[in-house]
Amino acid sequence: VSERSGVRSSLEAFSIFSMRFIAFFFILIVFVTSQQVPLGREMGEDVDWKEYDEGMKEIREKGRPGMIVFHRNYCTQCKRLGEEIHENPKFIKRSKKFVMISCNGFNDPDPTPFEFGKVSFFSFLLDGKYLPRIFFVYPNGTVAFSWVSSPLAFQYRYYYRSARQWNLKMKDFLKALHKEHVESEL
């Protein structure tokens, strides 16, 4: 009889332990999944980042230029560029003239194969999978694949070495848009 009660108490103890473990695990999952991943993450929270779909919609609806930035939390160059952005008030000010889209791995464009007239994730892999990759977007929602970091860049065409270089290209893009707008009114 005592052997049977010993087995029963062991099973009860195991059952209580199992229930507590399951409850703890469930609470942990709820906590982790409820944490909002900041859009900018390593690229800095000083910029008003939008998710891909939301940002592209805003670009089309409001007729504002945009930028799509592909980055990851493990990318040391992304972190370095993010630190430079944080220390560059001119960049932060100019970024307000754009719809800034963060593609941080959790909200990248749809990875479906190419469909005519639709931009998919694969459209952004023209010259490799390096990070960060930065693309300009016209106010009509068309990605400006011809706008590259340097005209001499045959590889890593959408990579910007510094916040200063990126900021100057933003300035050039805005000037070109203004020039196109003025010429279209003539």
(message) Working note: Leu131 + Tyr74, criterion side chain to side chain contact (heavy atoms under 4.5 Å, CB included); need CA distance, chi angles, decisive distance, verdict.
(response) CA-CA 10 Å; Leu131 295 166; Tyr74 56 80; 3.9 Å; yes
(message) Could you go through Asp108 and Phe70, starting from their C-alpha distance and side-chain angles, then the distance that decides it, and tell me whether this counts as side chain to side chain contact (heavy atoms under 4.5 Å, CB included)?
(response) CA-CA 8 Å; Asp108 289 352; Phe70 287 88; 4.2 Å; yes
(request) Run the numbers on Asn104 and His71 for side chain to side chain contact (heavy atoms under 4.5 Å, CB included), then give the verdict. (result) CA-CA 5 Å; Asn104 60 16; His71 58 97; 3.4 Å; yes
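The two residues Leu174 and Pro65 come nearest to each other via the heavy atoms CD2-CG, 3.9 Å. For the pair Lys129 and Leu125, the tightest heavy-atom approach, listed with the atom from each and the gap, is CG-CD2, 3.9 Å. What you find for Ile92 and Ile85 is that their closest heavy atoms are CD1-O, 3.5 Å. Between Pro109 and Cys103, the closest heavy-atom pair is CD-SG, 3.9 Å. Between Phe98 and Met67, the shortest heavy-atom contact is CD2-CG, 3.6 Å. Contact record, Ile68 with Met56: CD1-SD, 4.1 Å, taken as the closest heavy-atom pair.
Separation of atoms CZ (Arg64) and CE (Met100) is listed at 10.5 Å; rounding is to 0.5 Å. For the atom pair CZ of Arg72 and CZ of Phe106, the computed distance is 9.0 Å after rounding to the nearest 0.5 Å. Annotation: the span from Asp53 atom CG to Ile101 atom CD1 amounts to 9.0 Å, rounded to 0.5 Å. Between Tyr160 atom OH and Met170 atom CE the span is 10.0 Å, to the nearest 0.5 Å. Distance NZ/Lys57 to NZ/Lys50: 12.0 Å, rounded to 0.5 Å.
Aromatic ring centres of Phe136 and Tyr158: separated by at least 6.0 Å.
Side-chain atoms of Asp127 and Phe154, non-hydrogen and from C-beta on, never get closer than 4.5 Å to each other. Looking at Phe91 and Val47, their side chains come closer than 4.5 Å, going by heavy atoms from C-beta outward.
Listed by first and then second residue, the salt bridge (Lys or Arg N to Asp or Glu O under 4.0 Å) pairs that reach into residues 150-179 come to none, sequence neighbours excluded. Within the structure, the side-chain hydrogen bond (donor to acceptor under 3.5 Å, both in side chains) test picks out the following pairs touching residues 85-95 (sequence neighbours left out): Asp46-His86, Arg94-Asn167.
One finds no salt bridge joining Lys79 and Glu83 here, because no Lys/Arg side-chain nitrogen approaches an Asp/Glu carboxylate oxygen to under 4.0 Å.
Note: Phe124 and Tyr52 have perpendicular aromatic rings, judged against thresholds of 30 and 60 degrees for the angle between ring planes.
Of the N and O atoms on the side chains of Tyr159 and Gln77, at least one donor lies less than 3.5 Å from an acceptor on the other residue.
Leu81 and Leu168 sit in two unconnected hydrophobic clusters of ILVMFWY residues. Membership requires side-chain heavy atoms under 4.5 Å apart, directly or through other members.
In this structure, Glu84 contributes its side chain and Ala163 its backbone to a donor-acceptor pair below 3.5 Å. A donor-acceptor pair is defined here as one N or O able to donate and one able to accept, closer than 3.5 Å; such a pair exists between the side chain of Asn107 and the backbone of Ser102.
Within 6.0 Å of atom OH in Tyr156, 12 or fewer heavy atoms from other residues, nucleotides or ligands are found, so the atom counts as exposed in its surroundings.
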